[in-house]
Number of protein chains: 2
Amino acid sequence: MKIGELAAHTGTTAKTIRFYEQSGLMPEPTRRPSGYRDYSTEFIERLHFIRRAQAAGLSLRDIRQVLAIHDRGEAPCGHVRGVLGQRLDQVRAQIAELITLETHLEALLAHAEQDNDTDHDSSTVCWILESEPDNA
Amino acid sequence: MKIGELAAHTGTTAKTIRFYEQSGLMPEPTRRPSGYRDYSTEFIERLHFIRRAQAAGLSLRDIRQVLAIHDRGEAPCGHVRGVLGQRLDQVRAQIAELITLETHLEALLAHAEQDNDTDHDSSTVCWILESEPDNA
DNA sequence: CTTGACTTTCCAGCGTACTGGAAGGTTGAC
DNA sequence: GTCAACCTTCCAGTACGCTGGAAAGTCAAG
């Protein structure tokens, strides 16, 4: 199977697969006499795994670690649980931050609608942004 | 006022101020005979404005636009309202995405706790990640 | 006068996950 | 044989907001 075919099977591109190989996510496949990469079907599953891990919000760095454990012949499941837990914490922290920001933006916009053409203090750039956020 | 003093007054660094100048956010100040930048107090307010705008989640690109309008002598408030509205939409979209991801991660982790040592299908890297997310 | 803290410019790199393009070799159908 | 569509390597760039460092000049205190 050539690289373009593997890409078509997995919804990626040849470029990305070469990039993954260079990044240590995909092992080097055998080569045809011409130099073309020749993939066996196992590479499909590996690529699908990478995509699922990305869908779970894992970074390529995380995925590389998991795959390295797998390639040593160990079951990476414990590690995967840990990484997923950490990622969940991160995601929750991000959500909290964004909700804070959302609140701040809503407050600014409410403020912006109230005072329409008053308060044009020429010393400032724009009075709408004069208030500091409550927490950050 | 030298650049380091301005930085100290506004909680930034001299590096950052030079970067803002180069990025078109801060105008070029006058120079002393030695070549040192010499800032008047108005620059403090401008830098504070930049920080407030950043706290509202605006990008430097957005801020540059707002400041450009201000520097033309127009009141940028209408534009600011628009940018804040767009940013609020973005933030809400991001929150929705992250909540989807959070749900997915929770499902995976719940799945991971249930089946402890069963299902070790050696053909896959890790069974925990076998399920696709529901929507993405 | 010396010393150390400050300033100047310029160029380069961080991290993330790719993507684009150049210059060339291979394959397969017609 | 010839043509397009594929493949190869390598280098560089994208977006974002800085940050680090080198080499040189300036300022203020002691």
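Source: prediction; values computed, not measured. Residue numbering restarts at 1 for every chain, and letters A, B, ... go by the order of the sequence lines.
- Of the candidates dT8(C), dC18(C), dG17(D), dC18(C) carries the atom nearest the Gln54(A) side chain, counting heavy atoms from C-beta on.
- Residue Ser23(B) is classed as having no contact, given no heavy-atom separation below 4.0 Å to the nucleic acid.
- In terms of phosphate contacts, Arg37(A) brings a side-chain nitrogen or oxygen within less than 4.0 Å of OP1 or OP2 of dT9(D).
- The distance between atom CD of Glu5(A) and atom P of dC6(D), rounded to the nearest whole Å, is 10 Å.
- Rounding to whole angstrom units, CZ of residue Arg18(B) and P of dA12(C) are separated by 18 Å.
- Under 4.0 angstrom from either OP1 or OP2 of dG17(D) there lies no side-chain N or O belonging to Arg51(B).
- Computed from coordinates, the Phe19(A) CZ to dA12(D) C1' distance equals 14 Å when rounded to whole Å.
- Between Leu84(A) atom CG and Glu106(B) atom CD the span is 12.0 Å, to the nearest 0.5 Å.
- Under 4.0 Å is where a charged nitrogen must lie from a carboxylate oxygen, and between Glu28(A) and Arg37(A) no such pair does.
- Salt bridge status for Glu45(B) with Arg52(B): present, with a side-chain N to carboxylate O gap under 4.0 Å.
- Atom OH of Tyr39(A) is separated from atom C1' of dT8(D) by 12 Å (rounded to the nearest Å).
- Checked against dC18(C), dT19(C), dT8(D), the side chain of Tyr20(A) finds its nearest nucleotide in dC18(C).
- Note that CD of Gln54(B) and CG of Leu129(A) are 11.5 Å apart. Values are rounded to the nearest 0.5 Å.
- Summarising the geometry, the separation between CG on Leu60(A) and C1' on dT19(C) is reported as 14 Å, rounded to the nearest angstrom.
- Side-chain N/O atoms of Lys15(A) and base N/O atoms of dG21(C) include a donor-acceptor pair closer than 3.5 Å.
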I'd like to compare against my own output: the B/S/- annotation of nucleotides 25-30 of chain C with a strict under-4.0 Å heavy-atom distance to protein.
BBS---
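- Rounded to whole Å, the distance from CG on Leu25(A) to C1' on dA17(C) is 10 Å.
- OP1 and OP2 of dC16(D) both lie 4.0 Å or more from every side-chain N or O belonging to Ser59(B).
- In this structure, Ile3(A) places its CD1 atom 11 Å from C1' of dC6(D), rounding to the nearest Å.
- In this structure, Tyr36(B) is not a member of the same hydrophobic cluster as Tyr20(B), with clusters built from ILVMFWY side-chain heavy atoms closer than 4.5 Å.
- Defined by atom type and a distance below 3.5 Å, a donor-acceptor pair is present between the side-chain atoms of Gln90(B) and Arg87(B).
- Defined by atom type and a distance below 3.5 Å, a donor-acceptor pair is present between the side-chain atoms of Thr13(B) and Thr16(B).
- Between the P atom of dG20(C) and the CD atom of Gln22(A) lies a distance of 17 Å, rounded to the nearest Å.
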